[in-house]
Amino acid sequence: MRSPLVNKLSLIFGPRPPLNRILLCLVSVCVLLVLLSSFSTTTFDSATSYAKPDIYTNYRKLKEQARNDYLELKSISLGANLIKDVGLCGKERENYVPCHNVSANLLAGLKDGEEFDRHCELSQEHQNCLVRPPKEYKIPLTWPAGRDVIWSGNVKLTKDQFLSSGSMTKRLMLLEENQIAFHSEDGMIVDGVKDYSHLIADMIGLGSDTEFLQAGVRTVLDIGCGFGSFGAHLLSLRLMALCVAPYEPSGSQVQLALERGLPAVIGNFISKQLPFPSLSYDMVHCAQCGIIWDSKDGLFLIEIDRLLKPGGYFVLTSPTTQQQDSTTNTKNGITSSSLEGFTKKLCWSLLAQQEETFIWQKTADSQCYTSSQGEIPVCKGNEMQMYYQPLAHCISGTTSRRWVPIHSKSDHLNSTELEIHGLHPDDFFEDSNFWKLALRNYWSLLSPLIFSDHPKRPGDDDPLPPYNMVRNVMDMNAHYGGLSAALMEARKAVWVMNVVPLGARNTLPLIHDQGFAGVLHNWCEPFPTYPRTYDLLHANGLLSHIASQKCSMFELLLEMDRILRPEGWIILSDTLGTIEKARTLAAQIRWEARVIDLQNGSDQRLLVCQKPFVRK
């Protein structure tokens with residue numbers, strides 16, 4: 001018999017349904033919940049369609065979802081015992097730069113300065129660990145404040161090194177407690193960077209350094225840049241000045257320049273060519289850069305000639321000794337007579353000399369090298385893939401279609417110049433429009449995420465992030481340089497290191513001819529920079545490329561973590577399977593990661609990641 005309570009419930013709700021009906025109802029409810037969840041996810045992903053300019057919505061949910069995805073991947077991995085978090089490297093690797101192991105190079109018998117050069121083939125120290133920041137590390141100040149003031153704990157520079165620095169640009173610093181302050185452009189310039197720049201312009205025959213662009217000077221290679229003050233001034237004139245300086249265990253010029261938000265890369269004038277194609281720069285500058293230019297039978301000057309475009313300038317500021325009958329090198333300078341003789345062999349003309357500053361101009365006549373004036377042979381073979389090849393005693397670029405004097409180039413590439421690079425104008429402009437749209441989508445995605453991390457204070461007039469939160473950007477597979485061009489057109493306060501991977505089509509000449517910074521690089525090897533030097537890393541199709549090169553995706557992501565600043569961003573674009581693999585590896589490296597379906601019918605996906613600030 002049923003109890004009175006059951007009888008009352010039966011009167012209210014009717015007779016009890018069979019058990020199979022109850023089970024059917026429960027299953028239906030579960031299916032409905034799954035469908036609703038799927039619809040919610042599809043709705044979000046639809047909002048992230050690549051084809052619409054206002055595609056990224058539900059920003060804060062996105063970041064929460066990224067964290068949930070990370071925890072979900074970790075829980076799965078713990079069950080399958082497949083994924084473990086990568087551990088932290090020891091304190092001795094806080095400023096670790098691979099391929100620059102001086103001790104290993106010496107043991108291998110390298111000498112005469114080659115022990116300080118890049119030798120990845122001798123570096124077998126593959127430790128799968130994350131390079132930790134120093135204990136005193138702080139997030140850099142926003143641009144442009146970060147150009148003039150940096151945290152001293154972020155760079156390896158001792159007080160003794162600071163006090164002993166004597167070059168023109170190094171003295172433009174003040175050491176204050178935990179900060180290094182540089183003289184700003186509108187402040188008092190003790191050592192006269194502005195005056196020095198005006199001097200160079202005057203020696204070239206210009207009325208002011210603001211006329212550099214009109215004279216065809218857009219790109220400058222600044223060798224041994226000190227700590228970047230001359231380059232910072234050139235950037236204010238809308239020139240692209242790239243600092244190249246040797247690896248230094250401490251007191252690094254490159255590390256300090258990048259910390260200031262200035263373009264820089266590690267590079268040596270010792271035994272190998274720099275990773276740039278021939279005819280890359282409008283001006284090469286050396287101010288007390290420590291290179292004895294007339295040594296090694298002039299190989300260093302021949303390398304400068306290779307890098308300079310026709311009509312380009314070599315600016316040298318260095319103590320000299322006036323010895324008419326001597327070609328002997330001195331410790332602190334060079335003999336002007338030996339330089340004068342060798343530059344004539346290179347078909348250079350000495351434009352002017354004032355005290356310790358010399359300016360030569362490379363000839364615009366390629367026939368000079370084959371005439372009786374030229375005493376150095378012309379190079380033969382492929383000159384496009386110049387990737388750390390031995391310095392060559394021959395003249396490059398004379399037969400190139402890109403042999404165009406700098407004063408004949410237009411501000412923007414025209415159809416004739418594009419055809420020189422093997423490009424149809426329609427293809428170039430289609431690529432340009434693609435990256436303009438992509439940039440709007442990236443910025444729409446990143447802005448709210450950075451904004452949530454760095455809330456704007458009441459009355460704060462700083463530009464909306466990420467306008468001033470992102471400064472150093474690397475495009476790891478730059479193609480035509482479209483992302484860099486889009487950032488410039490959108491007036492974003494960033495600069496881009498455009499990297500052309502070895503094995504891909506060499507578009508670096510095209511990138512340089514647009515006035516952008518860029519290098520050739522083999523992504524199976526570490527990049528020549530210090531840890532924590534970039535705010536944003538972007539790679540379109542790079543993961544598939546390194547897979548075709550039989551290289552490790554895991555090692556590439558570890559290298560990206562090394563060069564990325566804490567709280568920095570990664571945007572990867574690739575095929576679905578490749579992105580899913582990268583997402584799993586990102587969990588090991590402790591990145592917050594989120595896969596975004598572009599919903600455009602393609603197999604392409606975005607992986608947006610952020611590196612955490614590990615304070616251990």
Side-chain angles (χ1 to χ4, degrees), residues 137-155 157 169-176 178-194 196-197 209-210 212-213 218-220 222 225-243 253-264 439 443 446-447 450-451 453-457 459-474 484 486-497 515-517 532-536 564-569:
Y137 184 85
K138 297 182 180 180
I139 299 297
L141 301 177
T142 57
W143 181 268
R147 175 194 59 200
D148 301 326
V149 178
I150 65 173
W151 303 110
S152 57
N154 289 11
V155 294
L157 178 69
T169 53
K170 288 183 181 179
R171 288 200 302 269
L172 300 181
M173 299 188 298
L174 297 173
L175 195 61
E176 302 173 355
N178 61 347
Q179 292 182 337
I180 300 175
F182 300 81
H183 293 280
S184 63
E185 282 296 319
D186 55 358
M188 181 179 65
I189 306 296
V190 176
D191 287 276
V193 169
K194 285 185 177 180
Y196 178 66
S197 180
D209 59 358
T210 58
F212 277 139
L213 288 172
R218 301 174 65 192
T219 56
V220 178
D222 192 7
C225 59
F227 295 140
S229 293
F230 181 61
H233 176 68
L234 293 181
L235 285 176
S236 72
L237 301 175
R238 297 189 298 118
L239 275 64
M240 172 49 69
L242 176 65
C243 166
Q253 304 168 68
V254 170
Q255 186 184 40
L256 228 76
L258 286 165
E259 189 67 23
R260 297 183 64 188
L262 305 174
L439 176 64
W443 230 246
L446 292 180
S447 294
I450 298 177
F451 184 81
D453 288 341
H454 303 272
K456 189 174 180 180
R457 298 181 299 276
D460 190 350
D461 294 329
D462 287 343
L464 289 176
Y467 181 81
N468 60 349
M469 301 306 302
V470 173
R471 172 61 185 172
N472 299 353
V473 177
M474 180 185 289
S484 187
L487 285 163
M488 176 176 286
E489 184 172 319
R491 298 184 179 277
K492 305 298 183 184
V494 305
W495 71 274
V496 180
M497 176 60 77
F516 303 146
R532 303 171 299 278
T533 45
Y534 285 87
D535 303 298
L536 172 64
L564 192 66
R565 286 172 173 166
E567 299 187 3
W569 296 88

(message) What I'd like to find out is whether the side chain of L262 reaches to under 4.5 Å of the side chain of F227, using heavy atoms alone.
(response) no

(message) Can you tell me how far apart CZ (R147) and CZ (F182) are? Round to the nearest 0.5 Å.
(response) 11.5 Å

(message) For R565, is there an ion pair with D535 - N to carboxylate O distance below 4.0 angstrom?
(response) yes

(message) Contact between N178 and K138 at the side-chain level, heavy atoms closer than 4.5 Å - yes or no?
(response) yes

(request) Answer yes or no: is there a side-chain heavy-atom contact under 4.5 Å between R532 and P566? (result) yes

(message) Are Y196 and F230, when compared by the centres of their aromatic rings, separated by less than 6.0 Å?
(response) yes

(request) State, with a plain yes or no, whether a side-chain heavy atom of L239 is found less than 4.5 Å away from one of L213. (result) yes

(message) I need the single residue from W143, W495, Y534 that forms a side chain to side chain donor-acceptor pair (under 3.5 Å) with N472. Which is it?
(response) W495

(message) I want to check something: taking the side chain as every heavy atom from C-beta on, are Q255 and N154 in contact at a cut-off of under 4.5 Å?
(response) no

(request) Using the side-chain contact (heavy atoms from CB on, under 4.5 Å) rule, take T210 and L237 through it: C-alpha gap first, then chi angles, then the decisive distance, then the call. (result) CA-CA 6 Å; T210 58; L237 301 175; 4.2 Å; yes

(message) With a 3.5 Å distance limit and no angle check, can you tell me whether R471 reaches the backbone of G261 through a side-chain donor-acceptor pair?
(response) yes

(request) Can you see which heavy atom on S152 is nearest to which on I180, and at what distance? (result) CB-CG1, 4.0 Å

(message) For a quick test of reading the model, state the closest non-hydrogen atom pair linking M240 to P263 and the distance between them.
(response) SD-CG, 3.8 Å

(request) Over all heavy atoms of both residues, which pair between G515 and T219 is shortest? Give the atoms and the distance, please. (result) CA-CG2, 3.6 Å

(message) What's the separation between atom CD in E259 and atom CH2 in W151, rounded to the nearest 0.5 Å?
(response) 11.0 Å

(request) Applying side-chain contact (heavy atoms from CB on, under 4.5 Å), run through M497 and L242 and close with a yes or a no. (result) CA-CA 9 Å; M497 176 60 77; L242 176 65; 3.8 Å; yes

(message) Is the shortest side-chain heavy-atom distance between H233 and D209 below 4.5 Å?
(response) yes

(request) Answer whether the closest heavy-atom distance between the side chains of L439 and L487 falls below 4.5 Å. (result) yes

(message) If I compare all heavy atoms of L234 with all of S197, which pair ends up nearest, and what's the gap?
(response) CD2-OG, 4.4 Å

